[in-house]
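Read through the structure below, which is laid out as structure tokens, and then see the notes.
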Amino acid sequence: MPELPEVETVKAGLNRLLPGKVIIAEHHDWPRGFPNAEADVIEFMIGAQIMQIERRGKSLVINLNTGYSLFVHLKMTGQLVYIQSDDVRWGAGHPDDSLISALPNKSTRVTITFKDKSKLFFNDQRKFGWMKLLPAPMLEEESFIKKLGPEPLDPMFTHKIFTQRVRKRAGTSIKAAILDQTVLAGVGNIYADESLWAARIHPARRVRDVDDNELKQLHQEIVGILRFAIEKGGSTDKNYVDAEGRKGSYLEFAKVFRREGQECKRCGRIIEKSRVAGRGTHTCSHCQQFVDGADK
DNA sequence: CACTTGACCTGTCCGC
DNA sequence: TGCGGACAGGTCAAGT
């Protein structure tokens with residue numbers, strides 16, 4: 001569920017909290033959550049100082065002063081939560097209005113302890129997320145990063161670049177095309193549905209049946225919605241929290257996502273839920289007409 | 001090669 | 001109340 005706005009929010013929080021911290025210990029109990037955590041690798045993070053944290057698509061890069069970086073993907077239910085040593089949520093079980101009451105909890109996969117006794121917890125209920133410790137040159141060689149498309153919020157990402165890249169997926173649905181991380185990096189199910197509603201494009205339409213003006217509009221909506229979602233701290237559907245355990249509020253402003261059965265804010269018709277590109281998909285059947293191409 | 005589907009997981013919800 | 005199954009959706013591998 002963490003998509004670009006959520007990961008960007010986590011990144012900003014970590015950048016306020018972590019730089020300068022010195023790692024003194026690492027603990028993990030889910031091997032696939034930290035697949036290269038052998039002792040001779042971990043030694044490159046023990047004693048290391050945290051530098052800047054970066055984001056690429058939906059993944060995070062926590063740079064260390066040893067030349068190594070922690071490469072993290074939160075996938076669907078991953079969280080990176082930082083807790084001061086005197087925080088009541090740390091093991092005390094004091095419920096509050098955040099989603100995090102006590103840490104570590106049963107979803108905690110990795111715990112990183114700093115010299116000042118504060119901790120960073122990597123929690124992941126569904127165990128799809130992972131982190132890897134890699135030297136900078138290997139990070140650039142990671143096929144996952146190499147294949148990622150452009151960053152939507154980069155000023156260089158114009159509607160012309162967007163159109164050119166989306167058109168390479170002519171035979172697939174427009175929703176599948178914008179979810180493809182090699183076309184552009186960072187859009188997931190929530191913002192795909194929201195952008196397509198805003199641009200009045202039915203998600204199941206083939207790319208070849210969507211005209212250039214529509215793609216230009218879609219590009220504008222994607223960029224605008226991602227920026228707005230970052231302002232709102234991202235979307236919390238079930239699990240997502242930022243680096244301090246706080247929920248995001250974008251879904252209060254969502255027009256279609258998880259709003260099936262409600263009235264469309266533009267035309268008043270009922271929002272429907274269907275399945276497109278293998279994902280739950282929310283549309284207004286009036287605002288987003290499904291038009292099949294005249295060919296075939 | 002282009003594209004779709006299933007696997008990876010756990011927690012929740014729904015019908016019986 | 002319990003149980004089976006569907007569903008949630010990011011990414012990769014396997015299948016068509």
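Within every chain, numbering begins at 1; the chains are lettered A, B, ... in the order of the sequence lines, protein sequences first and strands thereafter.
Nucleotides of DNA chain B nearest to A:W30 and A:S173 differ in position, and the one nearer the 5' end is that of A:S173.
Between A:I201 and A:R205, the closest heavy-atom pair is CG2-NH1, 4.0 Å. Heavy-atom minimum distance, A:I174 versus A:V207: CA-CG2, 3.9 Å.
Cluster membership check: A:L134 does not share its hydrophobic cluster with A:F122, using side-chain heavy-atom separations under 4.5 Å among Ile, Leu, Val, Met, Phe, Trp and Tyr. A:L226 and A:W197 fall into different hydrophobic clusters, where Ile, Leu, Val, Met, Phe, Trp and Tyr are joined by side-chain heavy atoms under 4.5 Å apart, directly or via other members. When hydrophobic clusters are built by joining Ile, Leu, Val, Met, Phe, Trp and Tyr residues whose side-chain heavy atoms come closer than 4.5 Å, directly or via intermediates, A:Y191 is not grouped with A:V256. By the criterion of side-chain heavy atoms lying less than 4.5 angstrom apart, applied directly or through intervening Ile, Leu, Val, Met, Phe, Trp or Tyr residues, A:L196 is not grouped with A:I270; the two fall into different hydrophobic clusters.
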For a quick test of your reading: what N or O donor-acceptor pairs under 3.5 Å do the side chains of residues 31-46 of chain A make, sequence neighbours left out?
{"from": "A:N36", "atom 1": "OD1", "to": "A:L133", "atom 2": "N", "distance (Å)": "3.3"}
{"from": "A:N36", "atom 1": "ND2", "to": "A:L133", "atom 2": "O", "distance (Å)": "2.8"}

Output side-chain donor-acceptor pairs under 3.5 Å for residues 217-225 of chain A, partner residues at least two apart or in another chain, one line each.
{"from": "A:Q217", "atom 1": "NE2", "to": "A:E221", "atom 2": "OE2", "distance (Å)": "2.8"}
{"from": "A:H219", "atom 1": "NE2", "to": "A:F157", "atom 2": "O", "distance (Å)": "2.9"}
{"from": "A:H219", "atom 1": "NE2", "to": "A:H159", "atom 2": "N", "distance (Å)": "3.4"}

Write out a two-atom table: protein N or O, nucleotide N or O from nucleotides 5-7 of chain C, distance below 3.5 Å.
none

message = Return a single string for nucleotides 10-16 of chain C, one symbol per nucleotide in 5' to 3' order, where B is base contact, S is sugar-phosphate-only contact and - is none, cutoff 4.0 angstrom on heavy atoms.
response = BBS----
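Looking only at side-chain heavy atoms (C-beta outward), A:Q49 and A:V22 come within less than 4.5 Å of each other. In this structure, A:K58 and A:Q181 have side chains that are in contact, with non-hydrogen atoms separated by less than 4.5 Å. Contact check for A:L251 versus A:I190: side-chain heavy atoms found under the 4.5 Å cut-off. Two residues are said to be in side-chain contact when any heavy atoms from C-beta on lie closer than 4.5 Å; A:N239 and A:Q79 meet this criterion. Contact annotation: the side chain of A:R109 never approaches that of A:H28 to less than 4.5 Å [non-hydrogen atoms, C-beta and beyond].
On the nucleic acid side, DNA chain B has its first and last nucleotide under 4.0 Å of a heavy atom of chain A at B:dC3 to B:dG11, going 5' to 3'.
Comparing B:dC9 with C:dA14, their P atoms sit 15 Å apart, to the nearest whole Å. Nucleotides B:dC1 and C:dT11 are separated by 23 Å at their P atoms, to the nearest Å. The P atoms of B:dC3 and C:dG9 are separated by 23 Å, rounded to the nearest whole Å.
When rounded to the nearest whole Å, the span between CG of A:L74 and P of C:dG9 equals 16 Å. In this structure, A:I178 places its CD1 atom 15 Å from C1' of C:dG9, rounding to the nearest Å.
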key: DNA chain B base-pair string [pairs: Watson-Crick or G-U under 3.5 Å; |: paired with another strand]   = .|||||||.|||||||
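Using a 4.0 Å heavy-atom cutoff across all strands shown, A:G278 reaches no nucleic acid atom at all.
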